[in-house]
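Okay, so here's the structure we're looking at.
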Amino acid sequence: QVQLVESGGGLVQAGGSLRLSCAASGRTFSSYTMAWFRQAPGKEREFVSAISWSGGSTYYADSVKGRFTISRDNAKNMVYLQMASLNPEDTAVYYCAAEQVFRSIVRGLSNSDMDYWGKGTLVTVSS
């Protein structure tokens, strides 16, 4: 079992930055593929970014590529999402998720790929 707890959300002006954190429990965290998803009001939850067990492979949705950076610290059981150049379209609840699959190279992931989810943290970007 893995428990995931997100933090770092809040209100930010367009053009600003935020750093989301995800704290994970479990001794096998380092073997999981980790990802961030988001769900905007009235929309389905969508993939944002993924990172391999070592951090050596990352993948981003086109909508955030070049603006968001995913990283992880296996020693601390943490995953991060650094978000820059935020715009109102980034407003959403952001979820941390874990896939119990050992991947050296990550790709875009779907909701059904993930085995564990956090409860989410709200990011609101004002114009």
Side-chain angles (χ1 to χ4, degrees):
Q1 275 284 7
V2 175
Q3 291 187 328
L4 304 171
V5 180
E6 303 93 337
S7 62
L11 175 63
V12 62
Q13 288 190 330
S17 300
L18 273 178
R19 187 198 197 201
L20 305 183
S21 299
C22 172
S25 65
R27 291 178 293 177
T28 57
F29 167 79
S30 61
S31 65
Y32 293 166
T33 297
M34 298 299 297
W36 288 94
F37 288 73
R38 68 184 181 185
Q39 186 168 21
K43 295 187 177 181
E44 294 187 353
R45 188 160 54 188
E46 64 175 5
F47 169 82
V48 174
S49 182
I51 188 166
S52 64
W53 69 275
S54 68
S57 175
T58 58
Y59 194 90
Y60 299 91
D62 288 342
S63 59
V64 306
K65 197 174 297 181
R67 299 188 298 122
F68 290 11
T69 303
I70 190 171
S71 61
R72 68 190 293 165
D73 185 338
N74 288 338
K76 296 181 178 180
N77 280 18
M78 296 291 294
V79 180
Y80 306 98
L81 186 68
Q82 180 68 48
M83 305 185 295
S85 302
L86 287 163
N87 58 64
E89 289 69 41
D90 295 315
T91 294
V93 176
Y94 284 72
Y95 297 91
C96 177
E99 182 191 28
Q100 207 167 340
V101 171
F102 189 85
R103 295 184 187 270
S104 295
I105 298 176
V106 294
R107 53 168 175 78
L109 299 172
S110 64
N111 290 296
S112 61
D113 286 324
M114 312 313 292
D115 297 298
Y116 303 101
W117 293 89
K119 293 184 178 180
T121 185
L122 176 62
V123 173
T124 303
V125 184
S126 63
S127 57

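Here, residue 1 is the first one in the sequence, and each next residue gets the next number.
To the nearest 0.5 Å, the span separating OG on S127 from CD on E89 amounts to 9.0 Å. One distance of note links CH2 of W117 with CG of N111; it measures 4.5 Å at 0.5 Å rounding. Between atom CG of residue L122 and atom CG of residue L11 there is a gap of 9.0 Å, rounded to the nearest 0.5 Å. In this structure, the separation between CG on L86 and OG on S17 is 6.0 Å, given to the nearest 0.5 Å. We find the OG-CZ distance between S54 and F102 to be 7.5 Å, quoted to the nearest 0.5 Å. Atoms CD and CD, from Q39 and E46 in turn, are 9.5 Å apart once rounded to the nearest 0.5 Å.
The pair D113-R107 meets the salt-bridge criterion, with a side-chain N (NZ, NE, NH1 or NH2) lying under 4.0 Å from an Asp/Glu carboxylate O.
Tracing side-chain contacts under 4.5 Å through hydrophobic residues (I, L, V, M, F, W, Y), one never reaches W36 starting from M114; they form parts of separate clusters. Linking ILVMFWY residues whenever their side-chain heavy atoms come closer than 4.5 Å, directly or via other members, places V48 and L18 in the same cluster. Linking ILVMFWY residues whenever their side-chain heavy atoms come closer than 4.5 Å, directly or via other members, places M83 and V12 in the same cluster. Hydrophobic clustering (side-chain heavy atoms under 4.5 Å, transitive across Ile, Leu, Val, Met, Phe, Trp, Tyr) keeps Y80 apart from V123. When hydrophobic clusters are built by joining Ile, Leu, Val, Met, Phe, Trp and Tyr residues whose side-chain heavy atoms come closer than 4.5 Å, directly or via intermediates, W53 is not grouped with L4.
Without hydrogens or angle criteria, T33 side chain to S52 main chain gives no donor-acceptor distance under 3.5 Å. In this structure, the side chain of T91 engages the main chain of V125 through a donor-acceptor pair within 3.5 Å. Judged by distance alone, with hydrogens and angles left aside, the side-chain atoms of N77 form a donor-acceptor pair with the main-chain N or O of A24 at under 3.5 Å. Q82 contributes no side-chain N or O that, together with a main-chain N or O of T69, makes up a donor-acceptor pair within less than 3.5 Å. The closest donor-acceptor contact from the side chain of R45 to the backbone of V93 lies at 3.5 Å or more, if one exists at all.
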Yes or no on side-chain contact (heavy atoms from CB on, under 4.5 Å) for R38 and S63, after CA distance, side-chain angles and deciding distance?
CA-CA 12 Å; R38 68 184 181 185; S63 59; 3.5 Å; yes
Going through the distances and angles, do V2 and F29 end up as a side-chain contact (heavy atoms from CB on, under 4.5 Å)?
CA-CA 8 Å; V2 175; F29 167 79; 5.6 Å; no
side-chain contact (heavy atoms from CB on, under 4.5 Å), that's the test. Do I70 and Y60 meet it? Break it down for me.
CA-CA 9 Å; I70 190 171; Y60 299 91; 3.5 Å; yes
If you apply the rule side-chain contact (heavy atoms from CB on, under 4.5 Å), what do you find for I51 with V106, and how did you get there?
CA-CA 6 Å; I51 188 166; V106 294; 5.7 Å; no
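Around atom CD of Q3, no more than 12 heavy atoms belonging to other residues, nucleotides or ligands sit under 6.0 Å away. Few gaps surround NZ on K65; more than 12 heavy atoms of other groups in view lie less than 6.0 Å from it.
Checked by atom type, the side-chain pair Y116/Q100 shows a donor-acceptor distance below 3.5 Å.
E6 and K119 make their closest contact through OE1-N, 3.2 Å (heavy atoms, listed as atom of the first residue, atom of the second, distance). The two residues M78 and S21 make their nearest non-hydrogen contact at CE-CB, 3.7 Å. The shortest non-hydrogen separation linking G9 to T121 is N-OG1, 3.1 Å.
A perpendicular orientation is assigned to the rings of F47 and F37, their planes being inclined by more than 60° (bins at 30° and 60°).
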